Protein chains: 2
Amino acid sequence: MGRRSDHTRPELREMIVSEGHRQISEVGFARFSAREVAKRIGYTIGTLYNVFGSYDQMLLAINGRTLDLWIAALEGRLEGLETGRLEAAIRAYFTFAVEHRHAWTALYDFRLPEGEPMPDYYREKVEAITGVIVREIAAALPEAHGEKARSLARSLLATVHGHCFFALNGTFALLGEEDPIARALDRVEDALARYEDG
Amino acid sequence: MGRRSDHTRPELREMIVSEGHRQISEVGFARFSAREVAKRIGYTIGTLYNVFGSYDQMLLAINGRTLDLWIAALEGRLEGLETGRLEAAIRAYFTFAVEHRHAWTALYDFRLPEGEPMPDYYREKVEAITGVIVREIAAALPEAHGEKARSLARSLLATVHGHCFFALNGTFALLGEEDPIARALDRVEDALARYEDG
DNA sequence: CCAGAAATTGAACGATGATCATTATTTTAA
DNA sequence: TTAAAATAATGATCATCGTTCAATTTCTGG
């Protein structure tokens, strides 16, 4: 078969990302198959390569979709909230990871070959996640500003990530920790309390 | 060829784990190949299955080797140290991860199929890593004891892990953080300071 | 010395990602 | 209107992977 134009380029792109995300959410990164994605949207493997150029770029697009959904989930949860915004953001962080186990894990399972740079569009999505936390940290610490707030936000993001990661991969269960979110919130509180003092 | 007895069962096991660890350290989890391991020790793929029963159990053994080396590196670094032991432990945590990038990352890239339980020997190694931190936390906080110290240690372990993970996977670089270890130490200090107060 | 046990092989299978000449379709321009 | 050029999609081909297991070879106990 040749040029069909059943779908425009952007439509096709969307179909692949959408189905790819569905796939990876269901079976996880390890069992993900590009061929299966192609089959399910009624195309063949070659077409995925035509559209994305490489497997890696396709996976990046799929992970990008996960980031989009994650950002939306965070923002959505905070919308209209007056108090407890930072805590809500952290809880939403966990909730998304738990509810999208496989897709969330794939974010970290997949890595570009060394040396290959992250595309800007992806970098921006990662920064958007951070941005949410930065904003809430800055709001929680009126006296903090600029780089100080950004630095603390990055670090607390890593803190929350570590707790979330251990919660999902079974490390916390293995170690007997039963309430990972509470522990993450403890650590954030520790940092804020200390900051307020000096 | 048949029963050769060039090597005893334990010898063979050691050869596979040793070469497997070398392999995964070099090329990483994604490019790891069991066939390649077999070839390099002068056996064939079937033999690996004879010895370990499954691919997963072999990988677990290889990751177990990484944990052994990690524990040894932590203990070795602390040996004879009188002061600054907790900080030294955390620095050693990072140092090992950086110096064994691929092997360390493989610890988290590989997961058993859902439902399959961790073998006890592996669980014990993970607990040994935690144990080091628990011990130093307990030493740093004389008034903390039992479950309180364990709980805090687990949480700080997750905190350090998050920072280490973001350092290695490029997230911190992307966000402009240049000194992940310092940030991890900040967070640990935050927790200890708060704990000492009440 | 031989029969049975044990260890090792490697061919076979079904997948995977990757490549690319071929073919079908559309678009363009004459 | 039609021929030529550009484009889209295919699917056969390749190298590799994990997995299985009958066949083969070697060892060992009697």
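Letters go in sequence order (proteins before strands), and every chain restarts at 1. Computed from a prediction, not measured in an experiment: that's the story for all the values here.
With D/dA9, C/dA12, C/dT8 as the choices, the nucleotide that has an atom nearest any side-chain atom of B/L12 turns out to be C/dT8. Considering only side-chain atoms of B/S5, the nucleotide from D/dA9, D/dC27, D/dT20 that sits closest is D/dC27. Set against C/dA12, D/dT10, C/dG17, the side chain of A/T47 has D/dT10 as its closest nucleotide. Distances were taken from every side-chain heavy atom of B/R9 (C-beta onward) to each of D/dG11, C/dT9, C/dA7; the shortest belongs to C/dA7. Taking only side-chain atoms of A/Y43, from C-beta outward, the nucleotide of C/dT9, C/dA18, D/dA9 with the closest atom is D/dA9. The side chain of A/Y55 approaches C/dA18 more closely than any other nucleotide in the set D/dG18, C/dT9, C/dA18.
Put simply, CD1 on B/I41 and CZ on B/R22 are 12.0 Å apart, with the number rounded to the nearest 0.5 Å. Atoms CG and CZ, on B/L152 and A/R187 in that order, are 5.0 Å from each other to the nearest 0.5 Å.
Judged by closest nucleotide on DNA chain D, B/A34 is the one of B/D6 and B/A34 placed further toward the 5' end.
Evaluation of atom-type donor-acceptor distances gives no pair under 3.5 Å for the side chain of A/R31 against the base of C/dT16. A donor N or O paired with an acceptor N or O is not found under 3.5 Å between the base of C/dA7 and the side-chain atoms of B/N50.
Between the side chains of A/Y43 and A/R4, a donor-acceptor pair is found at a separation under 3.5 Å.
Between B/H161 and the choices B/W104, B/F166, B/F94, the ring-ring contact (aromatic ring centres under 6.0 Å, His included) rule is met once, by B/W104.
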